Every structure is written in structure tokens, then in C-alpha cells.
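Given the structure is predicted, the values throughout are model-derived calculations rather than measurements. Every number for a ligand or one of its atoms is a count from 1 in the order of the listing. Hydrogens, waters and symmetry mates play no part in the numbers below; they use all other heavy atoms, side chains included.
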Amino acid sequence: MTDTDTTAKTALITGANKGIGFHIARALGAEGLTVLIGARSQERGEAAAATLRGEGLDARFLHLDVTDEASVAAAAKRVESEFGSLDILVNNAGIALADGDWNTSELTVATTRKVFETNVIGVVSVTNALLPLIRKADAGRIVNVSSEVGSLGFMTDPNQPFASMQGGAYGASKSALNMLTVSWAKELASTSIKINAMTPGYTATDLNANQGTRRPEDAAKAAVELALIGEDGPNGGFFQEGNEYFDTDVVPW
Ligand code: NAP
């Protein structure tokens, strides 16, 4: 894969105030891109952007609650007025909620709705609002941060560590995100835009009370790579970086 020229490019990362999103923003900023720190909290978003600016990166807070259409529309408007186009969108914001002991039979409608609102509908909202600006970029890139728990292939493979695990609303939301990725990729195949899904692996963040085994800076790598792929890079795939569980970079759907 040929990395694209990152000079004067702009990347928006949703949920970039902490966790994996923060490290995706830091790595893209270190490549010379202007990074827009999408965050629903002004305080947390400003603080994250300030940290990255302190490291010499061009990082700017962008208020963005992916579940709030007015917030999404306002963010798109700001990107349009300040930059005119958007080179990279990383749909990273996500939540993992469950009821009881993660048994699917215990899952409530309220939890399911909440998870889908952020992890699926939020991505539709943000992506479709920004797509007109991504189309204006020379070679737009969209990366959807999915999960191995959304892979029906992994979840049903007795040789994978997920064989005995239930995906619940979280896994179902990531499977839905994967299908959206495939669908957008088909629609955009005739353009210069490329859209892919990736999984960061089980990573120590607030999402899992820091129980994950990967470091967020390592978990960010596959997303950064997919954000910077050249013309010869993939479109409509599902990837991961090799890690302690996996030795391949292609994830089964
Ligand atoms: P995290 O530390 O909890 O970070 C999640 C980020 O999403 C936070 O910045 C959070 O903002 C933001 N967010 C949540 N709801 C939002 C909303 N409505 N609007 C805007 N931002 C919102 O979790 P993480 O582990 O870094 O997760 C990042 C992505 O990786 C998620 O999509 C997750 O599903 C995926 N993932 C994580 C793992 C893992 O093991 N950690 C594994 C596979 C996939 P606040 O600070 O305001 O809450």
C-alpha cells in the first residue's frame, strides 16, 4: 500500500478525547495532518486537543455528539466553512453496554436502542453528513472502528477465543456497522474514496474498565494505516493489526 501525501490534509476522528480515538488523532497529527478532535464534551475535547497541541501537532476541538443530529450538522458546517473539504473521517466513537451477565436473553430494549443509536445510527449520521465534503477531497478515506465481536466468522469459530462469548447489542451493532461499510464501499467504488472497517483488538480503555490487553497506541495502528492508504489500498474490507490473538490482518465478516 502506498501512503498518501499527508501535507495540508484534515482528519476528523469521532470520540477522540480519550482511548483509541485519542491515539488515532495523535498518530495522524504526527503524520502532519490537521486533526479535528470530535468530542461531545467541550471540556474533554478541548483538553485532548490542547495536549496534542502541546506536542506540536495541529489539533483542534470539534464539538460532535454522534447521537445528536443538530450537533452533527453543525460540525459538518464548521468543517465546510474552515476547510471546504474533508480528507479523512474515522468513525471511532462507540459504547459497549449490556444487561445482566451479557446474556442476550437479559438484554433490554433500552440498552439495545442506546448502543445502536451511537454505534450504528451515529455512524450513518456523521458519515452521510460529511460525505459531500469527503467527495470534495482528492482521495477521501473513511475508517469505521468495528470490533472482532462484530465478526460472525470469529464469533462462530470454535478455534477463536470468542467461541464461548455472546456479542449482545454491542456485537450486533458492530456487525451492522460492517454491513454499512460494505454498502458504502460498493456505492463509492467508482469514486476516489475508500472506506474500510477495522478492529483494534481487546484494548485497555474505559470501554472495558481498562481490562483489555492491548495498549491504545498499538490498537490505533490499523486505523491509522487504513486512513493513509493510497490509491492501491483496499475498499470495503475488514482488517486488524496482527496481535497476540491473531496472525492475519484480514478479519472474516
Ligand atoms: P473509550 O475509551 O470509552 O472511548 C470512547 C470514545 O467515544 C470517548 O471519547 C467517548 O466520549 C466517545 N463517545 C461515546 N459516545 C459518544 C457520542 N454520542 N458522541 C461522541 N463521542 C462519543 O473506548 P475505546 O475503547 O477507545 O473505543 C473506541 C472504539 O473502539 C469504539 O468504537 C469501540 O467499540 C472500539 N473497540 C474497542 C475495543 C476495546 O477493547 N477497547 C475493542 C474493539 C473495538 P466521552 O469521553 O464523552 O464518553
Within the 4.0 Å heavy-atom cut-off, what S41 brings close to ligand 1 is neither

The answer for which part of S146 has a heavy atom under 4.0 Å from ligand 1 is backbone

Considering both backbone and side-chain atoms of T205, is one of its nitrogen or oxygen atoms within less than 3.5 Å of a nitrogen or oxygen in ligand 1? yes

Looking at D206 and K18, is there a salt bridge between them, counting it only when a charged N and a carboxylate O are closer than 4.0 Å?
yes

Looking at ligand 1, is there an atom of it that comes within less than 4.0 Å of some heavy atom belonging to T14? no

* What about A16: any of its N or O atoms under 3.5 Å from an N or O on ligand 1? -> no

Nearest non-hydrogen protein atom to atom 40 (O) of ligand 1, with distance, is T203 N, 2.8 Å

For atom 12 (C) of ligand 1, the closest protein heavy atom turns out to be G15 CA, 3.7 Å

Checking heavy atoms under 4.0 Å, the part of R214 that sits near ligand 1 is neither

Closest to atom 38 (C) of ligand 1 by heavy-atom distance, out of A219, P216, G201, is G201

The answer for which part of L64 has a heavy atom under 4.0 Å from ligand 1 is backbone

Under 4.0 Å from one or more heavy atoms of G94, ligand 1 contributes atoms 5 (C), 7 (O), 14 (C), 31 (C), 32 (O)

All heavy atoms of A169 vs all of F116, minimum pair found to be O-CE1, 3.6 Å

Under 4.0 Å from one or more heavy atoms of Y202, ligand 1 contributes atoms 40 (O)

- Item | contact_flag Y170 ligand 1 heavy-atom lt 4.0 Å | yes

Using a 4.5 Å side-chain heavy-atom cut-off and chaining through intermediate ILVMFWY residues, the residues clustered with V115 come out as I95, L97

_Salt bridge check, E241 against R214: does any charged N sit closer than 4.0 Å to a carboxylate O?_
yes

